[in-house]
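Read the structure below first, then the notes.
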Amino acid sequence: MPEFAEVEFYRKQWNPGLGRRVRSVQVHRESRVFRACAVRRLVRQLTGATLISSAAAAKQMLFRFRRGRWLGVHLGMSGELRVEPAGYTPQKHDHLVLAQRGRCLVFADPRMFGRIQFATGRTPPAWWTCLAPPILSGAFTAEEVAAFLRRRGRTPIKAVLLMQERFPGVGNWMADEILWRAAIHPCRLAGSLTAVEVHSIWRECRQVCRQALATIAGRGDHVPPALNAHIPDTWLFNHRWEDGGRCPRTGARLMRAEVGGRTTCWSPARQRS
DNA sequence: CCAATTGTTATTTA
DNA sequence: ATAAATAACAATTG
């Protein structure tokens, strides 16, 4: 489920634990989510550690603990972070629980495509620092986007938008939202776009990221009561899975088909092949 | 039983 | 050799 802004939403869920010590760590040891992680070491090192700060980038989260301990979380398809009362008993899909004095910080993921990572050191680990420059940073330029689309010229634009090495945090629904706003058909080959269309892609990437962040993740420390509760009906998002759904701008029927290996939704009236 | 799911990666194909 | 397409991963739901 979670893409860019949803990841930020989940990051904030653990905010009540900031500045607090972890008294004990519970793990579902053999779970796949620990495939890139030395679990015993994680348990040993995080027990007694104090959570200092956290950050989200792309679809990745980083939690920093005192004395150079770093916890990485990727939510995969079905992961979530939440807070439970002290004394909480982990359920079937809870793979990692950090118990603090007044609460438990829980990572759950039924499908287990998610990933937990752990590292120690003075500086953030490589899997964090090597992420592509954020779409909302100055390093995400129209020129870089144009060059990338040229290099992937024979690939449908929908599939290109899902490539994390250039569009960090963009997932299936965001890619569809961007193409719908830019009025570009998802099957168009990346190399066939005009300069104006390439520029629209760049602009709408930033626009969708910015608006999604404000709407889904909230502003400052404020977090919306539920994930995706306040997404306006003027977005494609709220119509893409409805059977017989209609384009909020043209009123025409939406189409659905597999493009670039993912179910894709578009408005034929706006997005011409 | 079959098909579906908002992600990533290894393997196969072109 | 590179890039694109496909399969696989796992659990749950309709």
Side-chain angles (χ1 to χ4, degrees), chain A residues 1-11 28-37 56-61 72-81 90-95 107-117 127-128 130-132 135 147-181 186-192 205 208-209 211-213 215-217 224 226-231 235-243 245 254 256-266:
Chain A
M1 184 199 274
E3 304 176 19
F4 178 68
E6 291 150 327
V7 173
E8 174 66 1
F9 171 89
Y10 282 119
R11 179 191 71 80
H28 207 269
R29 279 218 56 193
E30 62 291 349
S31 162
R32 240 183 82 81
V33 302
F34 293 112
R35 62 198 176 281
C37 175
K59 295 171 187 170
Q60 182 80 46
M61 286 173 277
V73 181
H74 191 298
L75 298 171
M77 287 275 257
S78 56
E80 62 169 23
L81 298 187
Q91 306 298 298
K92 186 178 176 188
H93 301 303
D94 300 335
H95 305 289
F107 164 68
D109 182 8
R111 284 176 73 181
M112 296 191 284
F113 289 174
R115 185 173 58 223
I116 296 287
Q117 284 163 294
W127 43 258
W128 174 260
C130 75
L131 292 171
I135 289 176
F148 190 77
L149 264 51
R150 268 197 304 278
R151 254 198 335 278
R152 304 295 174 151
R154 301 289 307 161
T155 308
I157 184 63
K158 165 65 186 274
V160 173
L161 285 174
L162 294 174
M163 294 178 177
Q164 299 299 296
E165 72 257 38
R166 181 49 62 194
F167 302 99
V170 173
N172 204 28
W173 78 254
M174 285 181 77
D176 286 358
E177 190 76 35
I178 290 162
L179 290 172
W180 174 72
R181 295 184 188 205
C187 292
R188 295 273 304 283
L189 298 188
S192 78
C205 278
V208 169
C209 280
Q211 291 179 13
L213 216 46
T215 317
I216 296 169
L227 185 65
N228 298 338
H230 303 309
I231 296 185
W235 293 29
L236 178 65
F237 184 93
N238 281 342
H239 311 273
R240 50 179 286 117
W241 295 123
E242 293 169 20
D243 271 326
L254 295 170
R256 243 181 280 164
E258 187 165 303
V259 181
R262 316 292 302 185
T263 298
T264 297
C265 177
W266 73 96

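By convention in this document, chain letters (A, B, ...) are assigned in the order of the sequence lines, proteins followed by strands, and residues within each chain are numbered from 1.
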Gap between atoms CZ and P, on Arg262(A) and dA4(C) respectively (whole Å):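 Interatomic distance, CZ of Arg262(A) to P of dA4(C): 18 Å.
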Contacts of [X] that satisfy side-chain hydrogen bond (donor to acceptor under 3.5 Å, both in side chains) - sequence neighbours left out:
X	value
Thr263(A)	none
Gln164(A)	none
Asp176(A)	Lys158(A), Arg240(A)
Glu8(A)	Arg11(A)

Nucleotides 9-14 of chain C: protein proximity per nucleotide (B base, S sugar-phosphate only, - neither; heavy atom, under 4.0 Å): BBBS--
Sugar-phosphate, base or nothing in reach of Ser78(A), heavy atoms under 4.0 Å: nothing
Touch class at under 4.0 angstrom, heavy-atom based, for Gln164(A) against every strand present: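 Sugar-phosphate contact only - Gln164(A) comes under 4.0 Å of backbone atoms but never of a base.
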Partners meeting side-chain contact (heavy atoms from CB on, under 4.5 Å) with Asn228(A) (sequence neighbours left out):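 Only Glu6(A), Ile216(A), Ile231(A), Phe237(A) meet the side-chain contact (heavy atoms from CB on, under 4.5 Å) criterion with Asn228(A).
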When you compare [N] with [M], how far apart are their [atom1] atoms, in angstrom units rounded to a whole number?
N	M	atom1	value
dG14(C)	dG7(B)	C1'	22 Å
dA4(C)	dT6(B)	C1'	23 Å
dT9(B)	dA1(C)	P	23 Å
dA4(B)	dT6(C)	P	15 Å

Residue list, ring-ring contact (aromatic ring centres under 6.0 Å, His included) with Trp180(A), at least two apart or on another chain: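 Partners of Trp180(A) under the ring-ring contact (aromatic ring centres under 6.0 Å, His included) test: none.
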Contacts of type ring-ring contact (aromatic ring centres under 6.0 Å, His included), residue His93(A), not counting sequence neighbours: none
Sequence-distant partners of Arg262(A), salt bridge (Lys or Arg N to Asp or Glu O under 4.0 Å), two or more places apart: none
Outermost DNA chain B nucleotides near chain A [under 4.0 Å, heavy atoms]: dT5(B) to dT9(B)
Consecutive-pair stems (3 or more, Watson-Crick or G-U, under 3.5 Å) for DNA chain C: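 In DNA chain C, stems of three or more pairs: B:2-5 with C:11-14, B:7-14 with C:2-9.
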CZ on Phe34(A) to CE on Met112(A), rounded to 0.5 Å: 11.0 Å
Main-chain N/O of Val208(A) paired to Glu177(A) side chain as donor or acceptor, under 3.5 Å: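 Such a contact is absent between Glu177(A) side chain and Val208(A) backbone.
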Show the atom names and distances, to 0.1 Å, of all donor-acceptor pairs under 3.5 Å that link a side chain in residues 147-154 of chain A to residues at least two apart or in another chain.
| unit_1 | atom_1 | unit_2 | atom_2 | d |
| --- | --- | --- | --- | --- |
| Arg152(A) | NH2 | Glu165(A) | OE2 | 3.2 |

